[in-house]
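Letters A, B, ... are given to chains in the order of the sequence lines, protein chains preceding strands, and every chain is numbered from 1.
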Amino acid sequence: MDEKKNQYSRRDILRHGVWGACAAGVAGTGAILASKSRGQKYVWQIDPYKCTACGNCATFCVLQESAVKCVHAYAMCGYCDLCTGYYRPEPKELNTAAENQLCPRGAIKRTYVEDPYFEYTIDETKCNGCGKCVMGCTSFGNGSLFLQIRHDRCVGCNECAIAIACPENAIVRVPAEEPYLLKDRR
Amino acid sequence: MTRRMWTYLLPVLMLCVLAWGVERFPPPQFESGHQVPQMATPLPRAAVWDWIDTGVLFAALCAASWLALKKRNRKWIAGLMIFSLLYFGFWRRGCVCPVGAIGNAALAAADSSYAIPAVVLAFFLLPLIFTLFFGRGFCGAVCPLGAVQDLFIIRPMRVLPALEAGLRLFAYLYLAAAAVMAATGTMFLICRYDPFVTLFRFDGNWNGWVLTASFLAISIFIARPYCRFLCPYGVILRNLSRLSKWRVTITPDECIHCRLCENVCPFGAISEPSKVLPLAETAENKRRLVVFIILAPILAAAGGWLGWTVYPMLAKQGGVAESAKSLGIKLAIVAGVFVGLAAAGKLIGSVIGRRQEDYEARRADCFACGRCFEYCPREQLKRKQ
């Protein structure tokens, strides 16, 4: 009888010991990670100065319609008639013929302001973030068109699928209070 | 007009080759008084919502533990499960979840420049703490990945225990691979191949949909295949659950050995009372145990060797940064040893068993889903009184 009692208590001691060790392990892991943690919330964003408009944003987002859209820093725009973000920059003769339009989705709206200036606005419901216009604008224009992750669409994946696919590592975590990395007149 | 433009444009273009990023076409001063529009910058979800999510997770874990241990009612547990599926799954679109948080934890532990968000850390730790006290209530009623599979349990088949243990090694392997890949900054394997997130977002590519459909199709016959054979978080939870302070008991008072609970458990987590083995078989088991214990270090070494040889290939595929490679190879060896030891543990577990006199749920395997309560005659009797 006595022996049996002892046996049980030994097992209990072992059990409690291992439990304590596990609890300490979980608490320790928590403490170490907490010391590295910041209460701040982070979101994903594209650094426009690193972005090469390779086109991965259009295809690698987990959403069928990418959360990356082209945005326009109007203050940087030259309001050109022959916009190389709107018209194909390659043709021998750069002109305003309709077949020269660059955007595959027709997402850029061109409106006349005054001679010789035109304003270009992006229809985000049509834009797929392919970056063709960004490439054209950055190569030959002021670079006022650039890609940004739109936070009304982004689902905030734990690990951004485009960030993995990005060849320039241009997709970074930014504080949620300042969720955009905008271009300005440098 | 065009010509005028070009005479202006060409020299500027040449200049720009020298000084990239310069303003090639100065923004105009409008004579018509045209106002330059402002870019819209829609804000992300406010941070306070993340804390609300954490609060909901905490409340759900409390409720799951109370329902499984005290209230003992399958209907309530199923209700909580559906709520969790709707909230964490469809409303929060599956992110952030404790399963994927393994990646963040591993990256934070290895990379000092990465700060794990506090909310993700809370999601990672809360279920672990609850499991240490109350068992795997998280799996049964809170995890949206488990919940969506649970709804598809229609014709569950029994999986042979040896096969089950063997298949479960995939989960250990998955955990090891995910931890190594996250720690070296290659990718968050678990999040990337999450089989149900496509359904939760109701958006995604074909691969995602095929993965979701196949897992749900398998769920019809093999209950909760992801939880049992793949879930890396489940590996941690099942081993913590072995030691939990309190646990699910099938019967409220005494077991009458009716076997109804064993029949109804779709996960095969209930084992029958242990038989008294004949002497010859006991001797055979003892011999096997010795062999398996000797085998353990060999398996561990084999695992380490496997990690050492497989890692360079994976690193090549995943495009690991050169700086992370030496860390990666060390981690891969550790991960391989871990998988080897897990395999040895499974072998040893197959020959030793705790003596039990009644039908009991194995702590590691029980998801605390509460199906057995409804079939226990003693429970029914108690409810009538």
Checking side chain to side chain contact (heavy atoms under 4.5 Å, CB included) for the pair B:T41/A:V71: CA distance, chi angles, key distance, verdict?
-> CA-CA 9 Å; B:T41 49; A:V71 294; over 6 Å; no
Chi angles and distances behind the side chain to side chain contact (heavy atoms under 4.5 Å, CB included) call for A:C157, B:R201 | CA-CA 11 Å; A:C157 293; B:R201 294 195 187 109; 2.9 Å; yes
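Both the backbone and the side chain of B:L132 have a heavy atom closer than 4.5 Å to some heavy atom of chain A. Using a 4.5 Å cut-off between heavy atoms, A:A27 does not touch chain B at all. Using a 4.5 Å cut-off between heavy atoms, A:Y180 touches chain B through its side chain atoms alone. Of the atoms belonging to B:Y114, heavy atoms from both backbone and side chain fall under 4.5 Å from chain A. Only the backbone of B:R242 comes within contact range of chain A, with at least one heavy atom under 4.5 Å from a heavy atom of that chain. With a 4.5 Å cut-off on non-hydrogen atoms, A:V62 touches chain B through its backbone and its side chain both. Heavy atoms of A:L182 lying under 4.5 Å from chain B belong exclusively to its side chain. B:L121 touches chain A through its side chain: at least one heavy atom from C-beta onward sits under 4.5 Å away, while N, CA, C and O do not.
Looking at B:L240 and A:V26, their side chains come closer than 4.5 Å, going by heavy atoms from C-beta outward.
A donor-acceptor pair is defined here as one N or O able to donate and one able to accept, closer than 3.5 Å; such a pair exists between the side chain of B:D203 and the backbone of A:Q64. A:K41 places no side-chain N or O within 3.5 Å of a backbone atom of B:A46 that could act as its donor or acceptor partner. Looking at A:R150, its side chain never comes within 3.5 Å of a backbone N or O of B:L43 through a donor-acceptor pair. Put simply, the side chain of A:K36 never gets that close to the backbone of B:A115: no donor and acceptor are under 3.5 Å apart. Of the possible donor and acceptor atoms, one in the side chain of A:E114 sits under 3.5 Å from a partner among the backbone N and O of B:E31.
Heavy-atom proximity under 4.5 angstrom to chain A picks out B:C95, B:G100, B:A101, B:N104 from residues 94-104 of chain B. Residues of residues 159-177 of chain A having a heavy atom under 4.5 Å from any heavy atom of chain B, listed by number: A:E159, A:I164, A:R173, A:A176.
In this structure, B:F30 has its ring center closer than 6.0 angstrom to the ring center of A:Y79.
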